[in-house]
S.K.: 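I'd like to ask you about the structure that follows.
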Protein chains: 2
Amino acid sequence: MARGEKRPVTVRTIAEHVGVSTAAVSTVLANRHEERRLAPATVEKIRAAVRELGYVPNVAARRLRAHDPEVNHHELGILTTFEAPLFLVSRVLRQVQRMADARTGPGRRFSVSIDMFHAGRLREMPGLLSASRFNGVIVTNTLPEDDAFLAATALPYAVVVLGRRLPNHCCVLDTPGEIGRRAAEILLKADSRHPVVLTPALLTQSTAERAEAFVAAVRGQEGRDSARVIAAGFTPAAGAEALRAHLGAGLDCDGVFAVTDGLALGAYQAIKDAGKGIPRDIAVVGVGDHEHADFFDPPLTCVGPSNEAIVEQAVAQLFQLMGQRRGKASEIFVPPSVVRRASA
Amino acid sequence: MARGEKRPVTVRTIAEHVGVSTAAVSTVLANRHEERRLAPATVEKIRAAVRELGYVPNVAARRLRAHDPEVNHHELGILTTFEAPLFLVSRVLRQVQRMADARTGPGRRFSVSIDMFHAGRLREMPGLLSASRFNGVIVTNTLPEDDAFLAATALPYAVVVLGRRLPNHCCVLDTPGEIGRRAAEILLKADSRHPVVLTPALLTQSTAERAEAFVAAVRGQEGRDSARVIAAGFTPAAGAEALRAHLGAGLDCDGVFAVTDGLALGAYQAIKDAGKGIPRDIAVVGVGDHEHADFFDPPLTCVGPSNEAIVEQAVAQLFQLMGQRRGKASEIFVPPSVVRRASA
DNA sequence: GCTTGAACCTAAAACGATTTAGCATTTTCG
DNA sequence: CGAAAATGCTAAATCGTTTTAGGTTCAAGC
């Protein structure tokens with residue numbers, strides 16, 4: 001990493017240190033000293049200085065300099081947290097790629113990157129506010145802190161928010177409350193009298209909403225609250241342990257709505273360990289956030305966000321926003337997808 | 001996307017078009033026209049021109065301008081294909097971020113992102129050759145074309161290649177051939193006499209290597225080649241169909257090495273459908289590239305790349321390379337991780 | 001002694017955006 | 001009416017790098 005403590009090191013620093021011009025330094029850095037006939041001794045001195053001073057090239061400057069005025073470059077970002085799973089992000093990525101490829105040509109290029117922030121600290125992301133990183137972004141998996149930040153800020157470029165409802169932004173999300181409602185409907189129609197909802201202790205906004213809506217729907221139909229089974233985390237292991245405890249305590253349970261497929265997988269294990277059948281004794285409904293939910297044993301019935309549709313909408317919005325200048329706020333609701341499989 | 005066909009549009013184009021200075025245009029673009037007291041009529045004219053001309057800001061220029069000379073900025077990239085899963089790269093990202101955070105201070109900042117290229121077209125990635133995008137990169141999921149490109153090019157910044165063996169580069173990968181060898185060992189020791197290897201039709205370099213080494217190891221031990229069961233794709237569905245066909249044809253099979261956990265999941269289904277037991281009738285070994293391999297039913301025994309170790313090594317190499325100036329070539333082999341579970 | 005050419009190096013102009021300092025006007029107000 | 005303040009805008013500097021078009025010196029050739 002070298003010293004560089006005192007001053008930032010630029011080509012100019014090096015040039016002064018050696019006693020040559022910046023042109024000479026640049027020539028050496030680009031390894032063009034042969035064709036430009038710099039004296040070997042000079043080259044060596046410059047190289048030594050570069051090493052000694054710990055020079056780090058400024059990529060922004062290089063990029064600007066290397067820029068070809070004939071093509072304009074669109075920098076697209078997919079912003080998510082370090083903590084969240086990448087299931088949705090990878091779908092977004094592919095859809096962005098598809099749209100970008102279709103629009104690429106001479107004179108127009110796209111770069112797509114995934115940038116991660118620490119949950120709740122979106123505001124600290126360098127270049128977000130100064131608009132010096134992206135021409136357009138899709139933001140997802142935000143925490144309330146991040147939402148507050150976004151709501152309070154009008155970013156001067158195209159922004160699409162995925163899965164959250166924010167004033168002054170273009171938002172694409174599944175119809176609020178609908179997932180929990182439909183999940184309850186499926187379990188109740190399958191004659192579950194004591195459906196429970198399996199959630200992690202720390203709820204995200206979406207999981208909280210699913211659980212709320214589920215409980216509300218059961219209350220509306222059955223007239224009483226369904227039990228909440230709280231897992232320590234969102235891993236299968238945590239889900240298994242929580243449900244095992246619930247069943248072990250002899251509490252009623254003939255239906256499980258897991259707000260995450262990972263938890264559903266844990267539920268499967270707990271149910272099987274208890275010697276019960278799925279869905280014979282206990283029906284299970286997941287949300288379809290696991291790649292291979294159709295390969296669980298038995299295949300998992302899911303009521304969850306219709307990811308294809310959401311992603312398609314979001315990406316379409318992004319490109320539309322980049323086309324016109326004004327970032328109009330809008331809310332787009334996508335109804336959940338219901339996939340009946342064997343588990344309920 | 002607007003016209004912009006004829007000329008590249010910059011703030012200057014807009015300024016000339018409206019008849020104001022670039023300062024005025026910039027002010028409007030940054031939404032600072034209130035505090036800088038531009039006349040509303042002017043603001044509207046500028047906005048109209050911005051829209052009409054299809055202006056796209058140049059992020060490199062913005063970044064350069066926004067640059068604070070007191071801090072030097074390191075741009076780190078994790079390069080992967082659009083097509084590859086994000087499982088490994090997200091681990092890399094997390095590890096890079098961890099190291100970067102530890103080195104961040106006043107005067108030193110890092111940006112880390114996952115950047116996408118089209119498989120086989122790494123060379124087309126803008127800024128790679130001109131060194132105008134990254135101060136250091138970790139490259140993964142390359143195709144042979146990409147490897148050829150890398151082998152022929154000496155990029156003038158820190159490069160670590162993950163999972164491939166390239167001359168003149170710093171490479172980190174799992175010990176060649178070891179995965180297939182260990183997988184064969186496990187199946188044979190479990191008294192499998194007719195182990196098969198389940199692969200997708202289109203092999204990646206790693207999957208091809210695993211299959212080769214497996215076949216070679218079985219041949220070495222048993223004196224004859226093990227069957228290859230070829231699936232149409234790498235999805236569970238494809239794996240299930242392929243193995244079903246193999247079993248249906250009455251061919252011998254009492255052990256499966258699936259070069260991908262997705263295929264293993266498919267194998268599970270085919271085996272269960274055939275009324276056989278795992279591992280009683282057919283043992284299965286996967287590679288551990290699935291997040292929840294320990295929650296398959298039965299939990300999947302895996303011999304696969306030791307991702308933690310590989311990632312840790314690769315990231316450590318990246319930072320070391322960035323510290324010293326000269327990029328030395330090196331090869332680092334990481335032995336596979338073996339996780340015995342219930343399936344073999 | 002003068003020209004020519006090689007060898008080695010530099011000044012300055014880009015690249016595209018933002019901001020600071022300041023210049024004209026016009027309005028306000030004592 | 002004249003000074004002060006507000007209004008609306010611009011010129012020019014700046015960020016760090018690369019490259020083009022030369023400029024100087026020195027040695028060789030006539």
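These values consider heavy atoms only, across backbone and side chains, with no hydrogens, waters or symmetry-generated copies. Throughout, protein chains are lettered first and strands after them, A, B, ... in sequence-line order, and every chain is numbered starting at 1.
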S.K.: Between H33(B) (NE2) and dT19(C) (P), how many Å, whole number?
M.R.: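 Value for this atom pair: 15 Å.
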
S.K.: Calculate the interatomic distance between D68(B) atom CG and dT19(C) atom P; express it in whole Å.
M.R.: 13 Å

S.K.: Specify the separation, in whole Å, of atom NZ of K45(B) and atom P of dC9(D).
M.R.: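 In whole Å, dC9(D) P and K45(B) NZ are 8 Å from each other.
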
S.K.: Rounded to whole angstroms, how far apart are CZ on R63(A) and P on dT18(D)?
M.R.: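 Nearest whole value for this atom pair: 15 Å.
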
S.K.: For DNA chain C, whose closest nucleotide is more 5', that of A60(B) or that of R36(B)?
M.R.: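 It is A60(B), whose closest nucleotide lies nearer the 5' terminus.
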
S.K.: Taking the side chain of R65(A) as heavy atoms from C-beta outward, which of dT19(D), dA11(C), dT18(C) is closest to it?
M.R.: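 My answer, after comparing the listed nucleotides, is dT19(D).
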
S.K.: Using a cut-off of 4.0 Å on non-hydrogen atoms, how would the nucleic acid contact of V20(A) be classed: base, sugar-phosphate, or nothing?
M.R.: sugar-phosphate

S.K.: Taking the side chain as everything from C-beta on, heavy atoms only, tell me whether L150(B) gets closer than 4.5 Å to R164(B).
M.R.: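 Side chain of L150(B) against side chain of R164(B), heavy atoms only: no contact under 4.5 Å found.
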
S.K.: Is it the case that the side chain of N135(A) and the backbone of P57(B) share a donor-acceptor pair, with hydrogens and angles ignored and the cut-off at 3.5 Å?
M.R.: yes

S.K.: Could you please name the option among dT18(C), dA13(C), dT19(C) that lies closest to any side-chain atom of R32(B)?
M.R.: dT19(C)

S.K.: I want to check one thing: is the phosphate of dT18(D), taken as OP1 and OP2, less than 4.0 Å away from some side-chain N or O of R62(A)?
M.R.: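 For R62(A), the contact criterion (side-chain N or O under 4.0 Å from OP1 or OP2 of dT18(D)) is met.
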
S.K.: Atom CD of E16(B) to atom C1' of dG16(C): distance rounded to whole Å?
M.R.: 13 Å

S.K.: Does the cation-pi check pass for R91(B) over F87(B), that is, NZ or CZ under 6.0 Å from the six-membered ring centre and within 45° of its axis?
M.R.: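 Judged by the rule, R91(B) and F87(B) form a cation-pi pair.
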
S.K.: Using whole Å, report how far CG of N58(B) lies from C1' of dA14(C).
M.R.: 14 Å

S.K.: Any donor-acceptor pair under 3.5 Å between the side chain of R37(B) and the base of dT7(D)?
M.R.: no

S.K.: Would you say the side-chain atoms of T81(B) and N141(B) include a donor-acceptor pair closer than 3.5 Å?
M.R.: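 Note: T81(B) and N141(B) side chains miss the donor-acceptor criterion.
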
S.K.: For A23(B), which contact category applies under a 4.0 Å heavy-atom criterion: base, sugar-phosphate, or nothing?
M.R.: base

S.K.: Select one nucleotide: of dG16(D), dA12(D), dC8(C), the one nearest the side-chain heavy atoms of P69(B).
M.R.: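 Among the listed nucleotides, the one closest to the side chain of P69(B) is dG16(D).
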
S.K.: Do the non-hydrogen side-chain atoms of Y55(A) and V25(A) ever get within less than 4.5 Å of each other?
M.R.: no

S.K.: Base, sugar-phosphate alone, or nothing: which one does T42(B) contact when heavy atoms must sit under 4.0 Å apart?
M.R.: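 Sugar-phosphate, backbone atoms only, no base.
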
S.K.: When you measure from the side chain of Y55(B), which nucleotide among dA17(C), dT19(D), dT18(C) comes out closest?
M.R.: dA17(C)

S.K.: Return the nearest nucleotide to the side chain of H67(A); candidates are dT10(D), dG8(D), dG16(C).
M.R.: dG16(C)

S.K.: Let's see if you can work this out: which of dT19(C), dG16(C), dT10(D) has an atom nearest to the side-chain heavy atoms of A61(B)?
M.R.: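 Minimum distance to the A61(B) side chain belongs to dG16(C).
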
S.K.: Can you name the side chain to side chain contact (heavy atoms under 4.5 Å, CB included) partners of Q97(B), sequence neighbours left out?
M.R.: F82(A), H118(A), D101(B), V112(B)

S.K.: Tell me what T10(A) touches on the nucleic acid: a base, only sugar-phosphate, or nothing, going by heavy atoms under 4.0 Å.
M.R.: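 Sugar-phosphate contact only - T10(A) comes under 4.0 Å of backbone atoms but never of a base.
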
S.K.: Rounded to whole angstroms, how far apart are CZ on R12(B) and C1' on dA12(D)?
M.R.: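 It works out to 13 Å between those atoms.
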
S.K.: Let me spell it out: for each of T27(A) and L38(B), pick the nucleotide of DNA chain D with the closest heavy atom. Which residue's pick is nearer the 5' end?
M.R.: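 Taking each residue's closest nucleotide, the earlier one in sequence belongs to L38(B).
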
S.K.: Taking atom P of dT19(C) as reference, at what distance in whole Å does atom CG of L64(B) sit?
M.R.: 13 Å

